[in-house]
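I have placed the structure first, in the form of structure tokens, so that the comments after it can refer back to it.
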Amino acid sequence: MIVRLLKQPQFLIGFLFIVSFILLSFIYPSVMDVQKESKFLYDENEVIVGIAPFSPKDMPPFGTDMNGKHLLYLVLEGAKYTILITLVIAFLRIFFALFFSLFHRKSKSTFFDDIVQATLYIPTAILAYMFMVPLFVKDATEPMGMMTLIVVQCLILVGIGVPPLVSTFSEEIRSILAKDYIVSTFSLGSKKPYVYYKHVLPELSSKLLLLFAQQAIQTLILLAHLGVLAVLIGGSKTVMMGDIFNLTPSTISLSGEWAGIIGQSYQKLLTAPWIILVPLSFFAFTIFSINLMIQGIQNSLESNKS
Amino acid sequence: MNFSFSSYLKRLRSILIGVLIISFLPSIFFGIAPLQSMKLWEYTIENRKYSLFPDIFDKFFYSMTIFFTALLLGLLVALLLTFLATLLPRSLKRAVYGFLTLLESLPDLFIVIALQVSAVYIFKKTGLLIANVSGVYDNRIYFFPILTLSVLPTIQLFKITFLLMKEEQNKPYITVARAMGLGNLYITLNHVFRNIMTSLFQYSKTIFVFMLSNLFILEFVFNLNGIMTIMLNTQGVSFIITVLFIAIPFSFLFEVMESYRGGLNVQKEDAA
Amino acid sequence: MDKHLISIQNLSKYFVTKTGTHKAIDGITLDIVKGETLGIVGESGSGKTTLGRTIMRLYEPEHGNITFDGLDITHMPEKKLRPYRKEFQMIFQNPYESLSPRLTVGEILEEPHVIQKMLSKEERTKKAYSLLEKVGLPKTSYLKKIHEFSGGQRQRIGIARALMLDPKFIIADEPVSALDVSVQAQVLNLLKDLQSELDLTCLFISHDLGVVHYMSDRVAVMYLGHLIELAPKDELYRNPIHPYTKSLLSSIPIADPERRNAYRKPIIMPEKPLYPPQLIHVGNEHYVSANMIHIKEFETEDNRNLIRN
Amino acid sequence: MSSRLLEINNLNIAFGSGKNVFNAVTDISLSINSGQTVALIGESGSGKSVTSLSVLKLLPANGRAESGSISFDDKEILQMTEKEMQKIRGNEISMIFQDAIASLNPAMKVGVQITEGLKYHKQMPKSELRAVALSLLEQVGFHNPAHIYDQYPSQLSGGMKQRILIAMAISCKPKLIIADEPTTALDVTIQRQVLDLIADYKIREDASVLMITHDFGVVAEYADWVYVMFGGRIVESGDVFTIFNNPIHPYTKGLIGCIPSLESDGERLKSVYDYSFEEAGYKGRKFAPETYSMESKVYHAPSSLIEVEPGHYVRLFDESEVTIVG
């Protein structure tokens, strides 16, 4: 299966982009001089001409954010967090959904289906927001350390994605179980776990990769939305910005992932749009490369069916 | 068309239970949030309290006008594009399809912000304000929200009709129609389009769900304070009411669609 | 043990659908003698496949009971039934759906033993090879996957698999309807040879009366979930009583142009009776549903004496 | 107008191009007189359906008639433009397909679909269409035409849908009906009713029928003339009585032998492979094509149809000494 996938050009391009991006995000400090900050712009005779944030025209390649940090480095720094968090969340969603759908059919509790029905009408961003706000309030009262906060946030993002996935899986499993060769295995007296392990899961596995990639895209989009809502992974603290005359509270993302960049400078949208457009376009690139991987997977699925 | 009211009620009941569970889960996990202090029928924006009831109706109406105009615009543009696509040579068709997957992977947030920024940029450069960019307290803007919200349905509807056109061509009933000596144009218009419209019903459910979450982001970025903004800022009972405001009409729509499709061909694999 | 390997009394299986309960099979009573092949013929919707699968306990029957080799297995819990499952095996209709696309032929053939935890690995492989040879497939197919085989070859693999556990009773559910007519004859002959060689009792299900006639000793006709007529095959062919059986027989085109009967008896599709018909013995092992006995035109000469005695 | 309605002469049809070209059908010659039912019999992959589709120029995109001629009513079909073909399809030649389940537009009422041909070809006004549709429905055996008219295809059984297709096919009173395995997917009781319908139409309108089937019983019951096809070639042809009483080609004998008949007193079914080549062949020349098991590669040395008795042709290899390449 994997060999066939690597032969698909689209899958290869998408896969290489993501892997190289994560690698670069880990090794870039040793490769480029990171500390470069340019809070002020001096013209040839040392006169301060401009103050951060600078547009990509003044400060290639991507310009800087409010406190002069180069967006290029911010984005590279954030890449590993965003992509890895997304992959972990997508994987956990698939894992739990598969786990539930194997046992969900047994338990007659229909609450699960009710939740699935209800989630159709509530945008996922609002759903996540509803859980995140009380979490932050609780964290404010008795802080639980950044790591536990991130873990709980991830669990929330996983929990939201599981119900609709469970109904997709149950659908898939039902259609597989109806196949003749499964009926014939049961006619041999095989137990349910044996049939699941030997026949249902391998048949599902080809779909799992596809669903994983789709979940990764949904998580990326959700992170971007939460960024705009100033709900940041790893929490945020508000800090007084600007000089003493106009102290504007602004939230600083502790974990530095992309949505954080967007979240903390969202108010500057109209004045310094590039600060938000740059991380957003990286979100778009990642989503596009995952889409390429999906097309590669779909082609390989078709080819082995024919 | 075997629409049954009882199955619609069953669906509503299950949505109600689902919403109830969802609205109480946060407080179960993370304790009662202090916002609970406000009365049942209230929502807060920038911690100023507003009473839910008179506002929710026209806010809902405002959001829905944007939603359905965008959907209609999306449908029209998609059909136009499909018709143009049929005239394209085969190689160009694949290129169009590839371009669309690229467009589709643009996150809605990107489109919304890019549009807003470019509108401001054009205004700064040329002084021409195409349309107002954000809904300050009570002036309702329509042009940009509808344009942004229609991008997603246009792409998805076009991709689906595009796929269906290809799929439908080699269906046996097309060969039968050709064997009856009917012209290709006649067949495309009377047979293929008619079928595509009916199978569009099946996919519209997923498109609707996507559009709802886009509507929310739209309202936030353009700060239109429609129904979604209320949903964001309410808790407990008022949250349930807001969700039901959306759930009741849309689940009715889904019920009608499913019953209509039930009569026709078998449920197609979800391609969107 | 009495001579009936399988006997079924009043077996019924209902499926609950959106539009009400569909009585797939209703009140079927049938005995299958050890070593014989009982043919089940019926058109689509007659419930013949459901009957086969209910006997195999793949469906839980609503009422009635199934006795296999003197043992009532109708509601036997799965755990207790498991050892007996190796006694009755099934051959499926669609060669492209009834074998796993991922396993090699060897794995497919040995899976029954893996499930029933019988024989060591070597014995399983030896048996797999011997059965491959018995169904006329080369030894090299052991390592191949099923997408490398034609429909006819896949059906042979299905037959080999059904015989791996040395069953006493085989249910063949439309084993040849998906095959080309030339391959069909080969598979039918293979089934006949294996049955006599391994002394198997067989239930042969098909919509094609010609195929059922060729394979079976006795033939049962099913219509809309009811058993309406049962007789030795030649008796049924020469002296059909139920109007539906008559229509069935007269619809089959005879491969002989001289005997084209331009005039054809009209096809009668009787309404589905409310209650399952009772079968009455009308002489030389010929059973027919009671409510058909009183129909006037049934009193033809050649079976008038039958009615008298 | 000569009594020859349809004349096909050494037609070759190929699919694909370059390296992976596939000759679906080679050197096909057959003719149908008006009022005659001709049967094309063969198994899957024998090219019988492709031949029938080529008569209406309905070959799939990558298929093309490379050489040979198809003349219908003294008009050469292969030279016709798409416009001219559209006037013939459904109007003078109409076709009935095997897969009745999917052959009707699921989103259109059945009654409307029946009269589309009339509306398109005969510009029949809307008012008359409904009346004609109802009479057509009666002709194909529906007792409640008004009710059936308003049904959608998904509400009808397989047998009913096939009758709708027949009603469609005969709506413009065509001279030739091509029935491509019209009853394979149907139960035998419905099959007879459907085949009788086609036969009644043929007699009533003195039309002719090209019947594509794999069931020799259907051929014996309904056909006047038979062409047996294998590996894209005609291996034997003749009138139905000669073919049944004196089949010569081993493949034809095999096809007839492997039908389980109700009168057989238990003798073993002969499969196609039991009729392996009698060494003698016919008058010193071997039967072509050499092997006929569908799996093995078939050796296509030059061969031609020889008239072994008036009107009875068999395909034999041209040279007597032929090296058989498996």
Side-chain angles (χ1 to χ4, degrees), chain C residues 41-46 149-153 176-190 192-193 206-215 217 219 223 233-234 236-238 244 246-262 264-269, chain D residues 41-46 157-159 183 185-193 195-196 199 213-224 226 230 239-245 251 254-275 292-295:
Chain C
V41 71
E43 295 192 317
S44 45
S46 60
F149 293 95
S150 73
Q153 290 167 322
V176 288
S177 5
L179 304 178
D180 267 325
V181 71
S182 54
V183 179
Q184 198 176 72
Q186 276 186 317
V187 173
L188 290 180
N189 289 339
L190 171 68
K192 248 186 188 271
D193 303 343
S206 173
H207 67 278
D208 184 335
L209 190 51
V211 168
V212 170
H213 185 84
Y214 176 67
M215 293 299 288
D217 306 319
V219 175
Y223 178 63
K233 64 176 179 185
D234 295 324
L236 186 80
Y237 172 63
R238 274 198 308 283
Y244 173 72
K246 283 184 190 160
S247 318
L248 201 58
L249 283 168
S250 73
S251 312
I252 296 163
I254 303 148
D256 179 358
E258 263 83 19
R259 297 187 23 249
R260 281 183 184 183
N261 39 24
R264 289 245 187 50
K265 292 193 265 321
I267 291 196
I268 305 156
M269 295 293 223
Chain D
I41 183 160
E43 292 183 297
S44 48
S46 60
S157 73
T183 58
L186 302 179
D187 287 324
V188 69
T189 44
I190 299 175
Q191 162 176 301
R192 203 202 69 193
Q193 292 164 17
L195 293 176
D196 286 352
T213 180
H214 64 274
D215 180 346
F216 248 109
V218 170
V219 170
E221 199 80 32
Y222 294 93
D224 308 325
V226 184
F230 172 72
D239 72 78
V240 72
F241 295 95
T242 6
I243 291 290
F244 271 87
N245 301 340
Y251 185 67
L255 275 188
I256 297 176
C258 59
I259 309 164
S261 91
L262 291 168
E263 287 106 4
S264 75
D265 40 21
E267 89 270 359
R268 195 174 169 74
L269 262 184
K270 278 234 181 343
S271 99
V272 172
Y273 309 98
D274 298 332
Y275 293 85
Y292 36 70
S293 69
M294 292 309 282
E295 282 80 26

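Per chain, numbering begins at 1; letters A, B, ... match sequence-line order.
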- Query: If we only count heavy atoms from C-beta on, is the Val181(C) to Asp215(D) side-chain gap below 4.5 Å?
  - Reply: no
- Message: Could you walk me through whether Ser250(C) and Arg192(D) satisfy the side chain to side chain contact (heavy atoms under 4.5 Å, CB included) test, starting with their C-alpha distance in whole Å, then the side-chain angles of each, then the deciding distance to 0.1 Å, before giving a yes or no?
- Response: CA-CA 9 Å; Ser250(C) 73; Arg192(D) 203 202 69 193; 3.4 Å; yes
- Show the numbers, then the answer: is there a side chain to side chain contact (heavy atoms under 4.5 Å, CB included) between Asn245(D) and Glu258(C)? CA-CA 10 Å; Asn245(D) 301 340; Glu258(C) 263 83 19; 3.5 Å; yes
Contacting moiety of [X], where chain D heavy atoms sit under 4.5 Å:
| X | result |
| --- | --- |
| Leu188(C) | side chain |
| Leu249(C) | side chain |
| Asp193(C) | side chain |

Starting at [atom1] of [X], measure out to [atom2] of [Y] and round the result to the nearest 0.5 Å.
| X | Y | atom1 | atom2 | value |
| --- | --- | --- | --- | --- |
| Asp187(D) | Ser46(C) | CG | OG | 8.0 Å |
| Lys192(C) | Leu269(D) | NZ | CG | 8.5 Å |
| Arg268(D) | Asn189(C) | CZ | CG | 4.0 Å |
| Phe241(D) | Asp256(C) | CZ | CG | 9.0 Å |

- What part of Asp239(D) gets closer than 4.5 Å to chain C, counting heavy atoms only: side chain, backbone, both or neither? neither
- Distance-minimising heavy-atom pair for Val188(D) and Pro253(C): CG2-CD, 4.5 Å
- Message: If you compare all heavy atoms of Pro260(D) against all heavy atoms of Gly210(C), which two are closest, and at what distance to 0.1 Å?
- Response: CB-O, 3.5 Å
